[in-house]
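The structure appears below as structure tokens.
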4 protein chains.
Amino acid sequence: MAPHVDGAGTKQQRGIETRMALLEASGRVFSRLTYDQAKLKDISDEANASQGSIYFHFGNKYDIAEAVLNVQQERMATTLEAELSLGRTGYDTILHMLVKLATLMATDPLVQAGLQLVDSLPEELRDRGHDSYVRWQERTQMLVEQGVRDGSITSTETPELLAEIITALYVGGQMMSGMADRWTSLPARMERSLPFVRMLLRPES
Amino acid sequence: MAPHVDGAGTKQQRGIETRMALLEASGRVFSRLTYDQAKLKDISDEANASQGSIYFHFGNKYDIAEAVLNVQQERMATTLEAELSLGRTGYDTILHMLVKLATLMATDPLVQAGLQLVDSLPEELRDRGHDSYVRWQERTQMLVEQGVRDGSITSTETPELLAEIITALYVGGQMMSGMADRWTSLPARMERSLPFVRMLLRPES
Amino acid sequence: MAPHVDGAGTKQQRGIETRMALLEASGRVFSRLTYDQAKLKDISDEANASQGSIYFHFGNKYDIAEAVLNVQQERMATTLEAELSLGRTGYDTILHMLVKLATLMATDPLVQAGLQLVDSLPEELRDRGHDSYVRWQERTQMLVEQGVRDGSITSTETPELLAEIITALYVGGQMMSGMADRWTSLPARMERSLPFVRMLLRPES
Amino acid sequence: MAPHVDGAGTKQQRGIETRMALLEASGRVFSRLTYDQAKLKDISDEANASQGSIYFHFGNKYDIAEAVLNVQQERMATTLEAELSLGRTGYDTILHMLVKLATLMATDPLVQAGLQLVDSLPEELRDRGHDSYVRWQERTQMLVEQGVRDGSITSTETPELLAEIITALYVGGQMMSGMADRWTSLPARMERSLPFVRMLLRPES
DNA sequence: AATGAATGAGTTTTCATTCAT
DNA sequence: CATGAATGAAAACTCATTCAT
């Protein structure tokens with residue numbers, strides 16, 4: 001069974017390496033260019049492989065973009081999971097989460113590719129990208145609710161509204177720093193935002 | 001000499017109408033699709049005109065996208081100017097500006113097209129789009145400084161930081177509502193954010 | 001509306017000419033080569049047109065093959081209709097029909113293309129080609145039945161069987177002469193077969 | 001030296017099995033698809049072998065198609081030889097031959113593959129396929145001549161014409177039943193045709 | 001012998017742009 | 001001014017063939 005039918009179909013060491021090289025090359029290319037601007041030749045050149053190898057490993061352009069999106073979502077989910085598993089208060093988790101995600105975005109080209117890709121994808125995939133933003137806000141809302149329960153969050157606003165504001169703040173910061181310097185400045189920017197997130201969640205203090 | 005060279009030439013009635021129809025059709029098409037996804041045929045069909053007419057009126061694809069971007073920036077600038085000319089305090093101006101821009105984005109397809117277009121454009125134009133976000137933040141910063149001078153803003157944070165936060169909040173909200181329902185919900189969303197902007201600018205109150 | 005959406009969409013004289021040139025070029029090419037062996041470049045070269053023009057007029061390879069098939073079926077149907085409308089006996093009509101179709105196949109490259117194309121087409125289209133053979137046998141059966149009614153056919157075999165035999169004889173002759181000399185010999189071959197068809201339909205005489 | 005060069009070399013058991021599996025898989029695949037539609041991957045998958053193995057055993061695509069053609073012609077020749085060696089009259093041999101070949105075609109996928117393959121092959125091979133139809137007609141003519149000599153055939157038509165008619169009838173039947181149900185119905189169809197072949201060869205009776 | 005991986009030439013398709021009327 | 005037609009260069013995709021293990 002050809003690898004592109006099932007990511008785990010790869011049988012030989014060399015195949016695994018090429019597949020990964022292609023994926024990382026895609027990350028670098030898609031983090032600079034839109035789906036349509038990026039040519040398969042750009043990717044295969046960047047990976048020092050042939051154009052045919054993309055077909056062998058991923059099937060077509062759409063599918064390699066999807067693979068990139070999957071990796072991005074996995075890595076972000078993993079980062080999130082790691083924060084959630086530490087047993088901290090809702091409040092602490094939110095603040096740490098913002099910083100950790102910012103750092104991930106600032107350093108991981110595959111994650112950046114996912115971010116950049118979202119709004120240039122063919123319809124179906126773009127919707128998948130949008131969904132991930134919605135789920136992100138939902139996750140934030142759950143953390144706010146947890147924070148209210150554990151007393152670490154004292155705001156009397158609804159968790160829904162607080163999550164909406166925090167998400168907007170985060171997403172906006174991500175956009176602005178993406179435009180400015182390809183997310184390099186995102187962690188610093190996020191640090192600067194934290195006092196306001198605190199003010200939002202614990203207004204009295 | 002062709003209209004696209006001679007911006008204010010001897011346009012006849014029919015020509016003006018076609019040009020406008022094409023521009024508005026571009027707005028509708030580009031607000032749904034990226035620069036590359038949108039085909040000139042989509043636009044000419046949407047405008048009930050021929051593909052050739054686009055070349056007569058705009059020169060090429062790049063130029064019609066640029067025209068859309070120009071219209072968007074004009075309309076946003078006009079809206080802004082209108083708010084600035086009312087002689088209100090910096091604080092009031094900022095709040096009103098946020099709401100007015102949200103309403104504009106929610107209703108004007110050409111403005112939406114500009115928003116959607118930004119991150120799928122060829123390099124040079126994309127940079128122009130990015131610049132407009134930077135100028136927006138600068139404008140906000142100036143308004144904050146004005147608010148500090150006129151006493152309507154009492155925060156002790158630097159105007160630069162305040163402007164950064166407000167801009168991120170706005171941009172993030174715009175992204176989220178664009179994804180959710182093509183900006184329909186943006187005005188309502190912005191209203192919900194205002195209390196936080198107040199808290200930001202006048203923390204004691 | 002682009003011509004390839006609707007064959008009748010062509011609006012200008014030049015367009016009509018190019019479309020026809022492409023169709024006839026397709027006939028010549030497809031009568032020599034299978035669907036896959038024939039390259040679009042062969043067709044556009046043969047028609048002295050650009051490859052893009054095929055896209056403009058027909059949309060894609062599949063559709064130009066379908067257009068060829070349609071023309072073949074039309075021309076054969078027209079020939080058939082002409083014979084049927086003469087008000088002859090069933091017996092006479094069958095004999096004349098065989099000869100007329102043989103002549104058509106021997107002379108019309110587009111009809112030949114249809115014949116040659118049938119068994120190298122993508123699945124769906126191939127089935128359409130097969131259907132036309134089935135309908136042909138049905139038509140023959142109807143003529144036999146008519147001949148029995150009008151007394152011109154005296155065989156006591158079932159019309160179904162007679163039609164099956166005649167059709168096989170015809171189809172086999174068409175195959176053999178197609179292989180031998182691209183259908184040039186088909187009319188002569190058909191003439192040689194007629195006595196046997198007579199013997200079949202009027203055994204006593 | 002590789003098997004495909006050394007037809008009778010030191011094949012090991014495993015090699016023989018793989019080669020045969022590939023050949024039979026080719027039969028199944030080529031009986032459904034044209035030369036170009038059939039991909040080597042289809043064949044190796046069908047044989048549960050690797051693509052590479054085809055090259056070891058057959059050299060290339062052209063050669064595996066040729067091997068299929070060879071097997072088809074061998075099997076048909078063998079069937080024919082068996083009938084010829086029974087010392088029957090020309091008349092009896094012809095009738096039995098038609099039935100036996102029909103049965104072979106109805107049951108042997110490799111023979112079916114040869115039939116289907118003929119008119120989609122690259123030029124040179126296709127000609128070989130066509131030749132086999134010509135030789136078939138010649139063989140039939142020889143049998144008619146034999147029948148005339150041994151008195152089992154009483155028609156006064158020339159053996160050439162009789163052979164032409166019988167071959168056309170056979171080939172046509174084969175085409176029609178191939179289209180209808182992949183040759184399943186061919187033996188029954190042939191049985192139905194026999195009375196007419198009799199009428200052809202012995203008109204008085 | 002066999003396999004999975006890799007290659008690259010060939011083909012179709014796409015579509016911005018140009019052209020003739 | 002406008003249109004439909006035509007073009008050709010650029011891409012994606014396909015897949016027979018070769019390669020390394």
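Note that the coordinates shown come from a computational prediction; the quantities given were computed from them, not determined experimentally.
- Side chain of C/Arg126 to main chain of C/Asp119: no donor-acceptor pair is present (N/O by atom type, distance under 3.5 Å, no hydrogens or angles).
- When the side-chain nitrogen and oxygen atoms of A/Tyr55 are compared with OP1 and OP2 of F/dC13, none of them lie within a distance under 4.0 Å.
- Contact detail for B/His57 and B/Leu22: the closest heavy-atom pair is CD2-CD1, 3.9 Å.
- Following rounding to the nearest Å, C/Gln37 (CD) and F/dT14 (P) show an atom-to-atom distance of 20 Å.
- Straight-line distance from the CD1 atom of C/Ile54 to the P atom of F/dA9: 17 Å, rounded to whole Å.
- Taking 4.0 Å as the cut-off between side-chain N and carboxylate O, D/Arg32 and D/Glu46 count as a salt-bridged pair.
- C/Asp45 has its CG atom 14 Å from the C1' atom of F/dT7, to the nearest Å.
- Of the candidate nucleotides E/dG4, E/dT12, E/dC15, E/dG4 has the atom lying nearest to any side-chain atom of D/Ser50.
- Atoms CZ (D/Phe56) and P (F/dA16) sit 21 Å apart, rounded to a whole Å.
- Rounded to an integer number of Å, the gap from B/Ile43 CD1 to E/dT17 P is 11 Å.
- Taking only side-chain nitrogens and oxygens, D/Thr18 comes nearer than 4.0 Å to OP1 or OP2 of E/dA2.
- In this structure, NZ of D/Lys61 is placed 20 Å from P of E/dA9, rounded to the nearest angstrom.
- Each of C/Ala38 and A/Asn48 lies near DNA chain E, and the nucleotide nearest A/Asn48 is the one positioned closer to the 5' end.
- Considering only heavy atoms from C-beta on, D/Arg19 comes within 4.5 Å of D/Phe58 through its side chain.
- Toward the 5' end of DNA chain F, the nearer of the two residues D/Asp36 and C/Ala49, judged by each one's closest nucleotide, is C/Ala49.
- In terms of heavy-atom proximity, C/Ser132 sits nearest to C/Gly129 at OG-O, 2.8 Å.
- F/dC19 and E/dG4 make up a base pair, with Watson-Crick or G-U wobble contacts both under 3.5 Å.
- Heavy-atom nearest nucleotides on DNA chain F were determined for C/Gln51 and for A/Gln51, and the one closer to the 5' end corresponds to C/Gln51.
- Closest contact between the side chain of B/Leu40 and the listed nucleotides E/dA16, E/dA5, F/dC15 involves E/dA16.
- In this entry the distance linking CG of B/Asn60 with P of E/dC15 reads 17 Å, nearest Å.
- Spacing between atom NZ of A/Lys41 and atom P of E/dT7 amounts to 13 Å, rounded to whole angstrom units.
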